[in-house]
Structure formats: structure tokens, C-alpha cells
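Beneath this line is the structure, given in C-alpha cells, with notes to follow.
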Amino acid sequence: DQVNSVKEYIKNIKGFKSLEIIERPNNFGLSKNIIEGVTEVLRNFNSAIIVEDDLVTSPYFLGYMNTSLDKYSDEPRVASVHGYTYPVDVSLPDTFFLRGADCWGWATWRDRWAGFNQDPKQILEDIKSKNLEDEFNYGGYSQFTNMLENKIKGKNDSWAILWHGYNFLQNKLTLYPGKSLVQNIGNDNSGEHSDNVNYFDVNLSLEKLEVSDIQIEESQVGKLAYQEYFKRNRVSFTQRLFKKLKSLNNHS
């Protein structure tokens with residue numbers, strides 16, 4: 001019933017120059033749907049902006065995306081553009097780069113997507129063989145390596161950890177806004193890989209963001225801010241994991 005309700009709703013969406021609706025015959029699953037969808041769009045267009053159903057965007061999101069796509073279209077080291085920024089405790093530049101890629105309101109180009117390695121075993125092996133685990137995990141405070149391991153075990157259906165890992169290994173960068181232009185409202189236990197949590201909540205920026213010339217290199221300010229964010233919320237991540245394990249034990 002919910003699927004049919006969505007189908008009816010999107011037939012009447014207004015505000016786009018044009019609209020093409022593709023209905024799957026069955027549930028493709030998260031990873032396959034995103035990867036095939038992006039691949040299909042990029043066969044016909046040089047770039048694509050991807051927004052999933054549980055994201056709310058700032059009125060300035062689209063302008064930031066299109067400006068950034070134009071600005072870095074000929075810069076192969078820039079893998080993608082991202083609209084969400086974690087609620088960090090420090091002031092960030094209007095825009096900044098971080099190594100790797102991301103998935104909550106993002107954009108990329110055909111040539112950056114074309115080489116995307118989707119093999120989680122190879123990505124994890126390369127990260128470990130190059131002794132990049134600590135850096136990949138923001139000093140050991142994030143769960144990215146764990147996500148890759150769970151992807152290999154079939155415990156998650158994340159395409160995003162593959163996209164992030166691939167670009168991280170290629171030493172490619174993603175552009176982030178200093179203030180978040182995206183809010184994820186799927187962290188209410190309704191999302192594919194989320195529980196009911198609030199540490200991703202942000203105040204959407206209601207100001208136009210200046211996409212000015214900056215050095216195409218990883219921002220140490222941004223990197224440290226993200227590391228501190230993961231460090232601050234590590235207890236929450238651990239509590240969430242313990243809660244899940246306890247729940248599984250109670251039902252085994």
C-alpha cells in the first residue's frame with residue numbers, strides 16, 4: 001500500500017522542467033537501485049545530482065550543486081559534491097574538501113563514476129595493505145572499516161561505503177558545504193541502515209553558499225572537525241551496537 005501511495009504521489013509532482021518515472025518490477029534493494037540508477041542517468045548526461053527519499057534540502061541546495069558541478073567539471077581529482085555536513089562544534093569554511101566520497105545529497109560526473117570499483121573485498125584489502133585503516137576511520141573513531149567488513153559478510157546493503165572507499169584509495173576529494181544544505185529525516189528507524197538517533201540532526205542553512213576558489217586539497221580544519229565529531233559520538237555508536245546485539249540475543 002505504501003509503495004502504491006508513493007507511485008500515485010510522484011505522478012503529480014510539479015516544479016521540474018521534465019519528469020521521467022521508472023518503476024521497478026520488484027524491490028531492487030538499496031545498493032543495486034542506486035548504482036544502476038546513477039549509471040543509467042550518466043549514460044545520457046555528463047553529471048547527476050542524487051537525492052534519496054528521506055532527505056530534506058535547503059532552498060539553496062540546488063544552486064550550490066549546479067555551481068559546484070560546473071566549477072569542478074574539468075578537475076578529475078574532485079570525485080563528487082556533497083550537500084550534507086555533520087553538526088560539528090567548530091566553524092567551517094564556506095566550502096572545503098575531504099578525501100573520499102559521501103551519500104546524503106550528492107553529485108558526480110560521468111567520467112568520475114566510470115571507474116567505480118564495487119568490490120568490497122578488494123577495497124578493504126587495499127586499505128589494509130597500504131596501512132590506511134586509521135586515516136580511513138578518522139583516527140579510529142568512525143565505523144567505515146567495520147561497514148566494509150559487514151558489506152562483505154552481507155550484513156548491510158551499502159553502496160556508499162564502496163563509493164567512499166574507492167575514492168579514498170584513489171586519493172580523490174569531495175566538496176562539502178560549511179553549513180549543511182541537507183537534513184536526513186530517515187534516522188527514525190525507518191531507513192535501510194539507520195536507527196532512531198539524533199546525532200546526525202542539523203540546522204539547514206537558509207543562506208546562499210558562496211562556491212569560491214579554494215585549494216584542491218583535503219582541508220585539515222574539516223578533517224579534524226569530522227574526527228572530533230566521530231570521537232564525540234563514539235559512545236553513541238557503541239551503545240547502538242550493544243543494543244542491537246542484546247536484541248539479537250534476546251530473540252535467538
Side-chain angles (χ1 to χ4, degrees), residues 30-31 33-52 54-55 57-58 60-86 92-120 123 126-127 132 135-136 138 142 144 147-148 151 158-184 193 200 202 205 209-219 222-223 225-226:
L30 175 63
S31 187
N33 203 33
I34 292 291
I35 291 173
E36 291 197 12
V38 174
T39 301
E40 187 170 335
V41 170
L42 290 175
R43 285 195 190 104
N44 300 312
F45 300 93
N46 183 54
S47 60
I49 300 170
I50 299 90
V51 182
E52 295 183 42
D54 52 6
L55 302 181
T57 61
S58 159
Y60 298 100
F61 168 81
L62 193 57
Y64 158 77
M65 283 289 176
N66 281 318
T67 300
S68 301
L69 282 170
D70 288 342
K71 189 175 187 67
Y72 296 106
S73 62
D74 298 321
E75 187 52 63
R77 196 181 171 197
V78 180
S80 66
V81 181
H82 201 235
Y84 175 82
T85 296
Y86 290 113
L92 294 169
D94 282 349
T95 58
F96 62 98
F97 287 108
L98 290 176
R99 185 176 174 182
D102 229 316
C103 62
W104 285 356
W106 61 285
T108 192
W109 301 264
R110 181 191 294 151
D111 59 343
R112 300 342 117 86
W113 184 257
F116 179 20
N117 174 17
Q118 301 163 30
D119 184 348
I123 292 171
D126 288 348
I127 287 171
L132 292 171
E135 188 172 357
F136 187 60
Y138 282 93
S142 80
F144 294 138
M147 283 185 69
L148 266 176
K151 174 70 174 177
S158 174
W159 65 273
I161 192 61
L162 307 180
W163 179 232
H164 174 47
Y166 164 71
N167 284 296
F168 182 87
L169 285 167
Q170 298 293 315
N171 203 26
K172 291 190 176 183
L173 304 168
T174 287
L175 185 75
Y176 288 81
K179 294 181 180 178
S180 193
L181 299 169
V182 171
Q183 172 79 283
N184 189 324
H193 295 123
F200 298 121
V202 294
S205 177
L209 195 114
E210 208 57 48
V211 184
S212 54
D213 292 333
I214 60 172
Q215 288 289 108
I216 301 178
E217 61 184 19
E218 186 168 46
S219 165
K223 183 179 179 180
Y226 270 36

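This chain uses plain numbering: 1 for the first residue, then up along the sequence.
Residues passing the side-chain hydrogen bond (donor to acceptor under 3.5 Å, both in side chains) test with Asn184, sequence neighbours excluded: none. Residues forming a salt bridge (charged side-chain N to carboxylate O under 4.0 Å, His left out) with Glu135 (at least two apart in sequence, or on another chain): Arg99, Lys223. Every side-chain contact (heavy atoms from CB on, under 4.5 Å) that Glu217 has, sequence neighbours left out, goes to Gln215. Not counting sequence neighbours, the partners of Phe136 by the ring-ring contact (aromatic ring centres under 6.0 Å, His included) test are Phe144, His164, Phe168. When the side-chain contact (heavy atoms from CB on, under 4.5 Å) test is applied to Asn117, the partners found at least two apart in sequence or on another chain are Asp119, Gln122, Ile123, Tyr166. Listed by chain and number, the residues in a side-chain hydrogen bond (donor to acceptor under 3.5 Å, both in side chains) with Thr39 are Trp113 (sequence neighbours excluded). Scanning for side-chain hydrogen bond (donor to acceptor under 3.5 Å, both in side chains) contacts around Ser80 gives Thr174, with sequence neighbours left out. Remark: Tyr86 pairs with Tyr84, Tyr226, Tyr229, Phe230 by the ring-ring contact (aromatic ring centres under 6.0 Å, His included) rule, at least two apart or across chains.
Here the closest non-hydrogen pair linking Ser180 and Thr85 is OG-N, 3.2 Å. Of all non-hydrogen atoms in Leu98 and Ser219, the two that sit nearest each other are CD2-O, 3.9 Å. Between Ala79 and Thr108 the shortest heavy-atom distance is O-OG1, 2.7 Å. Here the closest heavy-atom approach between residue Ala48 and residue Val41 is recorded as CB-CG1, 3.8 Å.
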- Task: Could you give me the CA-CA distance, side-chain angles and deciding distance for Leu169 and Leu132, then say whether side-chain contact (heavy atoms from CB on, under 4.5 Å) is met?
- Result: CA-CA 9 Å; Leu169 285 167; Leu132 292 171; 4.1 Å; yes
Practice task
For Arg77 and Asn171, run side-chain contact (heavy atoms from CB on, under 4.5 Å): C-alpha distance rounded to whole Å, both residues' side-chain angles, the deciding distance at 0.1 Å, then the answer.
Solution key: CA-CA 8 Å; Arg77 196 181 171 197; Asn171 203 26; 3.4 Å; yes
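Distance check: Phe116 CZ to Trp159 CH2 gives 7.0 Å after rounding to the nearest 0.5 Å. Taken to the nearest 0.5 Å, the CG atom of Leu162 stands 11.0 Å off from the CG atom of Asn167. Distance check, rounded to the nearest 0.5 Å: OG1 of Thr57 to CD of Gln183 gives 11.5 Å. One distance of note links CZ of Phe97 with CD1 of Ile216; it measures 5.0 Å at 0.5 Å rounding.
Listed by first and then second residue, the salt bridge (Lys or Arg N to Asp or Glu O under 4.0 Å) pairs that reach into residues 168-178 come to none, sequence neighbours excluded. Applying the salt bridge (Lys or Arg N to Asp or Glu O under 4.0 Å) definition to pairs two or more places apart or across chains, none involves residues 100-111.
In terms of modelled atom types and a separation under 3.5 Å, the side chain of Thr95 and the main chain of Val211 share no donor-acceptor contact. Remark: the backbone N or O of Val78 is paired with a side-chain donor or acceptor of Arg112 at under 3.5 angstrom.
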Which atom pairs, donor and acceptor, lie under 3.5 Å between side-chain atoms of residues 62-71 and protein residues at least two apart or in another chain?
residue, atom, partner, partner atom, Å
Tyr64, OH, His82, O, 2.7
Tyr64, OH, Leu175, O, 3.3
Asn66, ND2, Leu62, O, 3.4
Thr67, OG1, Gly63, O, 2.8
Ser68, OG, Tyr64, O, 2.7
Lys71, NZ, Asp213, OD1, 2.5

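A 4.5 Å side-chain heavy-atom check between Lys151 and Ser31 finds at least one atom pair inside the cut-off. Counting only heavy atoms from C-beta outward, the side chains of Asp74 and Trp109 never approach each other to under 4.5 Å.
For the side-chain contact (heavy atoms from CB on, under 4.5 Å) test with Phe61, the passing option among Leu55, Val182, Leu209 is Val182; the others fail.
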